[in-house]
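Letters go in sequence order (proteins before strands), and every chain restarts at 1.
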Amino acid sequence: MIALAERTRRAWAGVRWYLREVSGEGRWDAYVARCAADGVEPVSRREFERHRDHLREHAAAGRCC
Amino acid sequence: MSTTTSTPPSPPAPRARRSPASIAVWVAVALVGATCWTVLALSRGESVSALWILFAALASYAIAYRFYARFIGRKVLRLDDRRATPAERLENGTDFEVTDRRVLFGHHFAAIAGAGPLVGPVLAAQMGYLPGTVWIIVGVILAGAVQDMVVLFLSMRRDGKSLGQMVREEIGVVGGIAALIAVFAIMIIILAVLSLVVVNALAESPWGVFSIGLTIPIALFMGVYLRYLRPGRVLETTAIGVVLLLLAIIGGGYVESWGLGEALTLDKETLTLMLVGYGFVASILPVWMLLTPRDYLSTFMKVGVIVLLAIGLVLARPVLENEKVTDFATSGEGPVFAGQLFPFLFITIACGALSGFHALISSGTTPKMVAKERQVMMIGYGGMLMESFVAISALIAASVIDPGLYYAMNAPLGATGGTAESAAEFVAGLGFSITPDQLTAAAASVEEELISRTGGAPTLAFGISLIFDEAFGGGLAAFWYHFAIMFEALFILTAVDAGTRVGRFMLQDTVGNVWPKFADTSWKPAAWAASAVVVACWGYMLYVGVTDPLGGINQLFPLFGIANQLLAAIALTLCVTLFLKHGWLRYVWVPAVPLAWDLVVTMTASYQKVFSSNPKIGYFAQADTYRDARDAGEVLAPAADASQMDTVIRNSTTNGVLQAAFALLVIVIVANAVLVWVRAVRAGSLPTTEVPAVPSTIVAPADFVATREEKAELAAWEAERREKAGAEV
């Protein structure tokens, strides 16, 4: 029973991880972790996402037929 | 420049001993595949379940992936994990970035898979279900997936250079310029044909217009929400968007009772103008407002529908109503598109079997994110197999529909006459039978007009509604139909936004060579002017398709299919060139066989479209026939008056000129490449622009599931890194 619950929890965590990574939501966590490792104060979430919007603005993201 | 020498001599690749269990599994997979193919090949007349196709495909993919892709990775390309990828060497947090292989697989698949694999197979169902099935599966295994994987590899070894850049540097300036023009022109045709599919699906459909129209405010809302209210909460925003999207589909069913029916019943010309206006605005708006949120929605819908369709097929176990091989395969007189099985089946189904457009994604974006070389197999080959599976599902969805209904839906208006009675008569003339009452009942079941709804999307939507209604019950056929239309229109619109932007960047970049200021993507006058040119180009072709009395899909789809596969010819020519320059003559057949096949198909098709004296096939013969009739003062059906006669003449000439130009560009590139081939074979090998090898310091598994050894290696590497980080503090 506990094993099953544990397995479900891990599967859910895996799905959550995948969705956050694929959607790019996890980039913020990675950034915060990197700042912590480097001992740098992270910028606000809003500023961080603005920066990513700016990068996207000037990159041609290809979509196929 | 040549650098293969700098790689340390590789030890024999660690070769896992094959366990008896693994052998048993692969024998079983092979048996399942062989059984399914045998049933498909030998069935005569009796009802055949669609699951035979599904499992024939899955078993074939599994075997191709396990054996052929691995052979290409190990023996041919000699993927080397000790060599650092551009993502590792040039990591900059923006375009170069080491990405988890499964995440990158998701990104790559979302980028390559669009509406193409859903439309082609539906149209190709005119020749029966078997030819399409064989081509999709054999084509992807030997051509499409090979192209994607090899181009990804070649671009990765050159720091993610684009296809055009590689052609210029490895083949020559002439080839490079031809490739640049070809890529731009082909993209315009693709955008026009995809928009045409949307216009045809939404014309005279208030429900469709309502739901698709609402996706614009929904995306705008999501954009504002993500930018100002909850920055970065993509999943939450997407969940809200999906709920709103479903409400928009349900709401569409009440459009009539809200009295909006008339206002939202739009004809094709109006829709064309709206789409062109939308395309222009969308491509100059900041991406966070419309493009990014729409992309989240369409990716979610794409994956969701594909999963649902696979489940639906297994639950519903539909029977194939289509014939195995129809008479149109040999007579070439099918109403959906003209021409015989060879070569026209192979250009009608491009995406899903061999799609040149993928070479643009496989060079450029994806190679800059690959963590380890060996992952190229999973991302390049595996991603394309997945797209092929989508094409197979679409072929099945089109083949579970009654053939009478299929032809009534897919023949142009000039042929069916537009009423249930005249359409039933037309279908009877083809040798199939359906009564006017049956046609009316089918239309009522999804609350749409179905006669002459060409373009593939309505047919696919009808097939999906049949399958889902059977699988999940509840009498929701009309909901599922509009759900499917929404899903297809949504990602066509995303492709239109994104494609227009890509075209804009290409144009700015090209003009920037002579006028550097124009290349500045944040300079508004340049951005607006370039967007306007791109939109005008595809908008004109869309208008050509929409107003064509002979049926736009019927006329333009072959142009689109040939263009896409000519792009594949360019990509495969590059692969052959680099194989010979590297001195891999022994394995040059890997890209050369698909290239030879692709050239035979596209050149035959181009030749017929340009020179055939049959006015149904040859564009110029068609223009001549109508010109002669016009000069004699006659009106030829399906044209209704003199001005429509002029339209046919103008359109057919335009299409013919474009067709000839595409083929010529490819001939120029191949001719340029042949010179390089001869030099390379004579010299044994030639220097290439491959970047020197640098030892890799990161560890990551190669395939979807990490092996036990890979897990151990990864754990050891991570422990070592932690230790180092601890020592530094």
Side-chain angles (χ1 to χ4, degrees), chain A, chain B residues 93-95 99-100 102-103 106-107 110-117 119 190-191 193-194 226-228 231-236 238 286-288 291-292 295-296 298-300 350-351 355 357-358 360-361 364-365 387 491-492 494-499 501-502 504-506 521-522 560 564 725:
Chain A
M1 196 58 202
I2 292 167
L4 184 72
E6 173 62 18
R7 208 173 282 178
T8 321
R9 196 194 61 75
R10 282 181 52 176
W12 170 242
V15 169
R16 205 178 105 91
W17 170 84
Y18 189 74
L19 289 177
R20 287 178 66 83
E21 287 298 313
V22 162
S23 65
E25 198 167 321
R27 301 290 283 270
W28 167 251
D29 308 341
Y31 168 72
V32 171
R34 206 165 50 241
C35 285
D38 297 349
V40 183
E41 185 68 25
V43 298
S44 73
R45 178 102 192 231
R46 187 173 297 253
E47 231 169 294
F48 177 77
E49 298 297 342
R50 282 285 158 98
H51 176 65
R52 292 191 58 219
D53 279 343
H54 180 78
L55 292 178
R56 263 196 290 261
E57 188 68 46
H58 295 281
R63 278 288 179 270
C64 203
C65 40
Chain B
T94 55
D95 45 353
T99 307
D100 182 275
R102 295 156 294 191
V103 173
H107 285 168
I112 61 170
V119 177
I190 289 177
L191 290 176
V193 171
L194 290 181
L226 261 177
R227 178 110 172 157
Y228 296 107
R233 270 65 163 206
V234 179
L235 294 178
E236 176 187 311
T238 307
V287 286
W288 63 263
L291 205 140
T292 311
D295 207 30
Y296 292 138
S298 84
T299 304
F300 181 87
C351 310
S355 168
F357 231 68
H358 294 187
L360 301 183
I361 311 285
T365 327
E387 164 155 299
F491 57 74
I492 290 183
T494 311
V496 168
D497 297 354
R501 274 180 69 84
V502 172
R504 179 196 124 191
F505 283 162
M506 278 171 64
T521 50
S522 41
F560 161 71
N564 197 353

Item to check | chain A contacts, top residue of Thr292(B), Asp497(B), Leu226(B) (heavy-atom pairs, under 4.5 Å) | outcome: Thr292(B)
Checklist entry - Salt-bridged, Arg501(B) to Glu57(A), with N to O below 4.0 Å? => result yes
Checklist entry - Given that the side chain runs from C-beta out, which part of Arg504(B) has a heavy atom under 4.5 Å from chain A: side chain, backbone, both or neither? => result neither
Checklist entry - Heavy atoms, side chains only, cut-off 4.5 Å: are Leu19(A) and Phe300(B) in contact? => result no
Checklist outcome for this item: Highest number of heavy-atom pairs under 4.5 Å with chain A among Gly106(B), Ser298(B), Pro286(B) belongs to Pro286(B)
Checklist outcome for this item: chain B shares the most heavy-atom pairs under 4.5 Å, among Arg45(A), Glu21(A), Arg52(A), with Arg45(A)
Next on the checklist: If I compare all heavy atoms of Asp53(A) with all of Val287(B), which pair ends up nearest, and what's the gap?
Outcome noted: O-CG2, 4.2 Å
Checklist outcome for this item: Residues Val234(B) and Glu25(A): closest non-hydrogen pair is N-OE1, 3.0 Å
Next on the checklist: Rounded at 0.5 Å granularity, tell me how far CZ in Arg50(A) sits from OH in Tyr228(B).
Outcome noted: 5.0 Å
Checklist outcome for this item: Max heavy-atom pairs within cutoff under 4.5 Å with chain A, candidates Arg102(B), His107(B), Arg227(B), goes to Arg227(B)
Checklist entry - For Arg16(A), does the CZ atom sit with more than 12 other heavy atoms under 6.0 Å from it, leaving out its own atoms? => result no
Checklist outcome for this item: Most heavy-atom pairs under 4.5 Å with chain A, out of Asp100(B), Val119(B), Thr299(B), Thr99(B), belong to Asp100(B)
Checklist entry - Are side-chain heavy atoms of Arg56(A) and Trp288(B) found at a separation under 4.5 Å? => result no
Next on the checklist: At a 4.5 Å cut-off on heavy atoms, which part of Leu235(B) comes close to chain A: side chain, backbone, both, or neither?
Outcome noted: both
Checklist entry - Can you name the nearest heavy-atom pair linking His58(A) to Thr521(B), along with the distance? => result ND1-OG1, 2.8 Å
